[in-house]
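A short write-up of the structure that comes next.
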There are 2 protein chains.
Amino acid sequence: MTIDTSGRNVPWSPTLEEVAALAGVSSSTASRVINGSPRVTEETIARVNAAIAKVGYVPNRAARNLASRRTQNVAMVIPEQTAEFFADPYFAEVIQGAAMHASSSDYFLSLLIESEHEPHRTRQFLRRGNVDGALVLSHHSASSSYRDLARTLPVVFGVRPPGEYGDAVHVVDVDNVAAGALGTQHLIDRGRRRIATITGPLSTSAGRDRMQGWSDAIAAAGLATGAQEEGDYTPSGGAAAARRLLDADGSFDAVFIASAQMASGALTVFNERGLRVPVDVAVSTVDNNVFSTSSTPRLTTVDVHTSEKGATMMATIIRLISGEQVPAETRVPIDLIVRESTVL
Amino acid sequence: MTIDTSGRNVPWSPTLEEVAALAGVSSSTASRVINGSPRVTEETIARVNAAIAKVGYVPNRAARNLASRRTQNVAMVIPEQTAEFFADPYFAEVIQGAAMHASSSDYFLSLLIESEHEPHRTRQFLRRGNVDGALVLSHHSASSSYRDLARTLPVVFGVRPPGEYGDAVHVVDVDNVAAGALGTQHLIDRGRRRIATITGPLSTSAGRDRMQGWSDAIAAAGLATGAQEEGDYTPSGGAAAARRLLDADGSFDAVFIASAQMASGALTVFNERGLRVPVDVAVSTVDNNVFSTSSTPRLTTVDVHTSEKGATMMATIIRLISGEQVPAETRVPIDLIVRESTVL
DNA sequence: CTGAAAGCGCTTACAG
DNA sequence: CTGAAAGCGCTTACAG
């Protein structure tokens, strides 16, 4: 092995000075070219770029960070609700989208797990200049403590934090009311008239908003409000809610289920009880992932473009870090994908 | 907003010099205390630590990195097979484990997505001193190109890369042969005699090893080799393999399925064909995640402690970076979890 | 055990 | 448009 056992990396890399010498300019000028300063001659730019290409120069990140007082680091803050968090492909997709975008930019995306015992430590870490910005992903109100952080550090939320705030908070999210309405309207369009719902946790804004969309669509169609049961975004939670729905009433011909994971659990219950999907009960849901494509039947769903959401969060924080004006709210588009759970 | 629109973070933070002044020592000595140098008086240590606590000092990472020529950054390299990669909770769990460990250490875990078009760019990036080490997660032979990287940068593999190599390659993984044997032996212990298998992709070592374990256990018990079909770790791939298994023969009373995702697809098929699990067919699998706990029936499985694997990878790379001697191979423990798919 | 000094490799006012 | 110079905040031989 040629790994330096002192523990330091010693990758050979030319320095800015060498590049500058080769190009016949000062390192100040070479630096300007690298950082895209406007006031440099075309010719100088060409000479420096040629030198860079020739020696394969790559700037030293630490030196650059120290001099410029930036870190080129963005943290994705993740709550430590271990199991629940990563069992849901939703979060993995957001992270993936953000990581993809980071890889094509000049930024690093670091994963920061927030300890439940010392959440204060995480915020302190963020405030101490370790990162240029933070992406906050949390369904719960813990994120409210990040509103304060947003006053001293660029922060982008993946979920609208609870409470009051002005333009100081930047959010990237889908319109969950619209998502709920879209999934429900499709059931109405397929001729269903008694439409129940299995909601997400009503302690979350996404849970409440999707339910609102369901209820809005039903009201707009002049139908009677259907039954509702609350789930927790897991398959077993969806199964339990489906059982309660059937035990309480059972006179519905369709269900809008607020997540594909819950829908997969509900399908199991409908199957156990001898209900045919979509003949007896049509099912529409939200999330286009393995749970909606691997179920039997496959699920009609509102695609909320989760990976794109992650990419947009990253793009937004970069703009914020650069000092650009960014709208307080960015909407990720939604689409309906029709499959066998509503149409044979 | 008090965000500096120049784009720079200006978090107030005391400097080392201020800490040193407060403690009545030089910044050299303060630095030694912070870095745990052995040759400092107990009393000096106490004074410096008191000063640190008093002003809430946190070292500037960039300065430290520049001076010490380290980055405190570890990259998790992820292949860009987008959908497939993140649909599998396995990967998310590994990442989570690594991120947890990083958060409790002094290191950052960055996610680096390797572009399919320019994999060379990723390796170049890694070689140029942007990180102190890399964690490579790939089921496929693309990882072979990282064997070269491992000669100049500490690298830990989550899967044994193909080909020949000596101690220059560090791997953290479960013993997949043992995992296959454990899952299969349990079926034998439950009195099953005709045991089929649905394997992972045989292009991967994990796929081949788990199959080997299945075959070893059967041979050791003096039973006849059962039928086998290859899957791709997805539910639909598992379902397709189950269909082929039933169509070809169907005379098995148990199946060892190499992943819980595939098992969930297979259960659907058994159900369609009117086979009762575990009465007609007992099923054991690998991975203790939502796919094994949310299925009907719930799945007996070999827990391969995936999150712990991620944490161990991170711990290992840190030791490697520190210049410690680390065994070429670290085994993650496995356990059998018995559920209703093999026992009523 | 401790300090003065040099240096890590860049960026950025300040002049010109 | 370009260069000389200072400085970012640490670490680390080198002396003592």
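Naming: A, B, ... by sequence-line order, numbering from 1 per chain.
Under 3.5 Å, the side chains of Arg61(B) and Asn65(A) contain no donor-acceptor pair of N or O atoms.
Between Thr44(A) and dT2(D) there is a side-chain N or O to OP1 or OP2 distance below 4.0 Å. The phosphate of dG9(C) (OP1 or OP2) has no side-chain N or O of Tyr57(A) nearer than 4.0 angstrom. OP1 and OP2 of dC8(C) both lie 4.0 Å or more from every side-chain N or O belonging to Arg69(B). The side chain of Thr29(A) places an N or O atom within less than 4.0 Å of a non-bridging phosphate oxygen (OP1 or OP2) of dG3(D). The phosphate of dC10(C) has OP1 or OP2 within less than 4.0 Å of a side-chain N or O from Thr15(A). Distances shorter than 4.0 Å separate none of the side-chain N or O atoms of Arg70(A) from OP1 or OP2 on dC8(D). A sub-4.0 Å separation between OP1 or OP2 of dC1(C) and a side-chain N or O of Thr41(B) is absent. In this structure, Ser68(A) does not reach the dT11(C) phosphate: none of its side-chain N or O atoms is under 4.0 Å from OP1 or OP2.
The CD1-P distance, from Ile34(B) to dT2(C), rounds to 14 Å in whole Å. In this structure, the CD atom of Glu17(B) is 13 Å from the P atom of dT11(D), given to the nearest Å. When rounded to the nearest whole Å, the span between CG of Asn60(A) and C1' of dT11(D) equals 15 Å. Rounded to an integer number of Å, the gap from CD1 of Ile52(B) to P of dG9(D) is 17 Å. Atom-to-atom, CZ of Arg61(B) to C1' of dT11(D) comes out at 16 Å; the value is rounded to the nearest Å. Protein atom CD of Glu43(A) is 12 Å distant from nucleotide atom C1' of dC1(D), rounded to whole Å. Between the CG atom of Leu66(A) and the C1' atom of dC8(C) there is a distance of 9 Å, rounded to whole Å. Going from atom CG of Asn65(A) over to atom C1' of dT12(C) covers 15 Å, rounded to whole Å.
Between Arg64(B) and Pro59(B), the shortest heavy-atom contact is NH1-CG, 3.7 Å. Taking both residues in full, the closest heavy atoms of Leu66(A) and Ala62(B) are given as N-CB, 3.7 Å, listed atom of the first, atom of the second, then distance.
Remark: Ser322(B) OG to Ile317(B) CD1 distance equals 10.0 Å, nearest 0.5 Å. Here OG of Ser103(B) is found 8.0 Å from CG of Leu111(A). Values are rounded to the nearest 0.5 Å. A distance of 8.5 Å separates CD1 in Ile45(B) from OG in Ser37(B), rounded to the nearest 0.5 Å. To the nearest 0.5 angstrom, Asn49(B) atom CG is 12.0 Å from Tyr57(B) atom OH. To the nearest 0.5 angstrom, Leu320(A) atom CG is 9.0 Å from Gln325(A) atom CD. Of the inter-residue distances, the one linking Leu109(A) atom CG with Leu135(A) atom CG reads 7.0 Å to the nearest 0.5 angstrom.
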*Map every base of DNA chain D to its dot-bracket character, where paired means a Watson-Crick or G-U wobble contact with both distances under 3.5 Å and | marks a partner outside the strand.*
|||.||||||||.|||
Mind listing the N/O atom pairs, protein and nucleotides 14-16 of chain D, below 3.5 Å?
none

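Across all strands shown, Ser28(A) has heavy atoms under 4.0 Å from base atoms, whether or not it also approaches the sugar-phosphate.
Screening Thr306(B), Val172(B), Asp173(B) against Val332(B) for a side-chain contact (heavy atoms from CB on, under 4.5 Å) leaves a single residue, Val172(B).
Nearer to the 5' terminus of DNA chain C, by closest-nucleotide assignment, is the contact made by Ser27(B) (compared with the other of Ser27(B) and Ala63(B)). A residue-by-residue look at Ser26(B) and Ala67(B) shows that Ser26(B) has its nearest nucleotide of DNA chain C further toward the 5' end.
For Glu329(B), the CD atom is densely surrounded, since the number of other residues' heavy atoms within 6.0 Å is greater than 12.
dG16(C) and dT12(C) have their C1' atoms separated by 16 Å, with the value rounded to a whole Å.
For Ser31(A), the listed nucleotide lying nearest its side chain is dT12(C); candidates were dT12(C), dC8(C), dT2(D).
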